[in-house]
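Single-structure report; data block below.
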Amino acid sequence: MVILFAWGLYLALWASPPDYQQGDTVRIMYVHVPAAWMAMAIYAAMAVAAVIGFVWRHPLAELFVQAAAPIGAVFTAVCLVTGSFWGRPMWGAWWVWDARLTSVLILFFLYVGYIELSRSFDDPAKGLRAGAILVMAGAINLPIIKFSVEWWNTLHQPASILRMGGPLVDPSMLHPLLVMAAAYLCLFVTLVTMRLETALLQRRARQRRLARG
Amino acid sequence: MIPALLAIVRREVRLSLREGWQAATALLFFILVVMLLAFGIGPDPVLLRRVAPGALWTAALLSCLLSLDRIFAADHYDGMLDRLLASPVPAEGTALAKMLAHWLTTGLPLTVFSPAAGLLMNVPAAVMPVMVASLAIGTLLLTLVGGAMAALMAGSRRGGLTIALLTLPLYVPVLIFGAGALDKALAGKEAGHAVLFLAALLCAALPLAPLGAAAALRE
């Protein structure tokens, strides 16, 4: 993970060419775009896990949702903040009320709402289940974010990687972007595994304490 | 089953009328927020009319939010909710009846008196029908979405503010289309399809919100 990050940041900050229109500001993209991908991918994973936990009552699925939520919230915040840094020189404004930006902001509030809800019950299991319902309901926001740039005429640029007829981005820029995305994914997997381990240990410690009386 | 549901609606409405004048509180709150916004923006009639859609809808949103935690929390604490869930009436029906009662005591009076608030914001009389229609549909939508969130929170230690945090992001589409309808009507354009879009959202929420709320209540 550390190697991927070092390599990705080296490629992004030094080895890749500046954009012919945007100059060096384009480098913000290597932090911004993977963060946006992760923000959506984590929410999608949480929604799937919430369904699994709700239907089959798999205990690990609900714990995964809880473990992933703060990480997803931070990625969303990184995406919003770096997007804002990029928007200042490029669009001339820190924030525009554009469909893509607004729907990502709602995604952030969904993450925060889940964290708040899942912690507000005396019985932690009840909080997890209530949170799972919220996560499932909020999943409707994901297609809105994805297609917001196509449904509405927005300032945010449309998809340029996953599109019919191959990516529009030049390989010299696509390469560092994908390395950074892989680094982000590894970071998420590492963090979520650690958080899950901690949650399981906490649960076991509580059971021991209760068993001892 | 229908008489049982009507009985729940009747009970809820009677309770809220007797114990706290909830209907009047929500309505007064709505008018007060509109008034505060008008004070803050200043008395310029052209400017007031320009911001009227956003101001009226934000005020309606906040006043719907005000009493959401009362839908399920009070009955949860005194055990009434468990009785209702144990009765032959399905949980979905109970949830729908309680949400309808909430709308009858907050959204409906707000809609009926919204022309008064519209006058404060210098909304011309010709636009009033669109405003009343969109608010009637929109406030019911707000109650359904918020009611599902309130069901999630029933039995939690934290009350109103957490419900606001959960619910307000989900209110954004209603705000956009509601204010959009009013905006179009104010500009003299056809506002029908924005109102119809609200109605479409309502058609989706009418079965889905009680389903979600019942799933949350059964936990």
Side-chain angles (χ1 to χ4, degrees), chain A residues 39 43 47 50-51 53-55 57 62 65 69 72-73 76 80 97-145 147-148 151-152 154, chain B residues 54 61 65 68-69 72-73 76-77 81-82 91-92 95 141 144-177 179-180 183 197 200-201 204-205 207-219:
Chain A
Y43 196 90
V51 172
F54 196 74
V55 175
R57 306 234 160 193
E62 286 177 340
V65 180
T76 317
L80 286 169
W97 287 102
D98 156 301
R100 174 57 75 81
L101 276 67
T102 315
S103 50
V104 174
L105 188 64
I106 292 177
L107 180 69
F108 179 69
F109 282 120
L110 281 173
Y111 274 123
V112 177
Y114 169 79
I115 297 170
E116 177 89 9
L117 177 65
S118 66
R119 286 182 185 173
S120 65
F121 287 86
D122 288 343
D123 176 10
K126 203 163 186 299
L128 287 183
R129 300 194 65 75
I133 298 177
L134 177 72
V135 169
M136 286 188 275
I140 190 163
N141 192 26
L142 284 183
I144 297 181
I145 298 179
F147 296 111
S148 57
W151 291 345
W152 292 284
T154 59
Chain B
L61 228 83
L65 200 64
L68 276 180
D69 58 336
F72 296 107
H76 179 83
Y77 284 125
L81 196 60
D82 291 330
E92 286 83 359
L141 198 52
L144 288 168
V145 175
M149 292 301 127
L152 279 181
M153 292 290 298
S156 113
R157 287 254 169 224
R158 293 181 218 179
L161 265 181
T162 311
I163 294 190
L165 187 70
L166 291 181
T167 313
L168 283 177
L170 300 177
Y171 276 178
V172 171
V174 186
L175 176 69
I176 290 176
F177 288 107
D183 223 14
F197 202 94
L201 286 178
L208 286 178
L211 273 178
L217 288 179
R218 279 201 210 95
E219 289 306 324

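Note on naming: letters A, B, ... go to the chains in the order of the sequence lines (proteins, then strands), and numbering restarts at 1 for each one. These values consider heavy atoms only, across backbone and side chains, with no hydrogens, waters or symmetry-generated copies.
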Once salt bridge (charged side-chain N to carboxylate O under 4.0 Å, His left out) is applied, what residue pairs with a partner in residues 163-177 of chain B remain, sequence neighbours excluded? none
Phe108(A) versus chain B, the contacting section by heavy-atom distance below 4.5 Å: neither
Pick whichever of Ala125(A), Ala130(A), Ala132(A) has the most heavy-atom pairs under 4.5 Å with chain B. Ala130(A)
Could you go through Val104(A) and Leu80(A), starting from their C-alpha distance and side-chain angles, then the distance that decides it, and tell me whether this counts as side-chain contact (heavy atoms from CB on, under 4.5 Å)? CA-CA 8 Å; Val104(A) 174; Leu80(A) 286 169; 3.8 Å; yes
Mind checking the CG-CG spacing from Leu81(B) to Leu217(B)? Nearest 0.5 Å is all I need. 5.5 Å
Residue pairs passing the salt bridge (charged side-chain N to carboxylate O under 4.0 Å, His left out) test with at least one member in residues 128-144 of chain A, sequence neighbours excluded, are Glu62(A)-Arg129(A), Arg129(A)-Glu219(B)
Which answer fits Ala154(B), side chain, backbone, both or neither, if we ask what part of it has an atom under 4.5 Å from a heavy atom of chain A? backbone
Contacting moiety of Leu170(B), where chain A heavy atoms sit under 4.5 Å: side chain
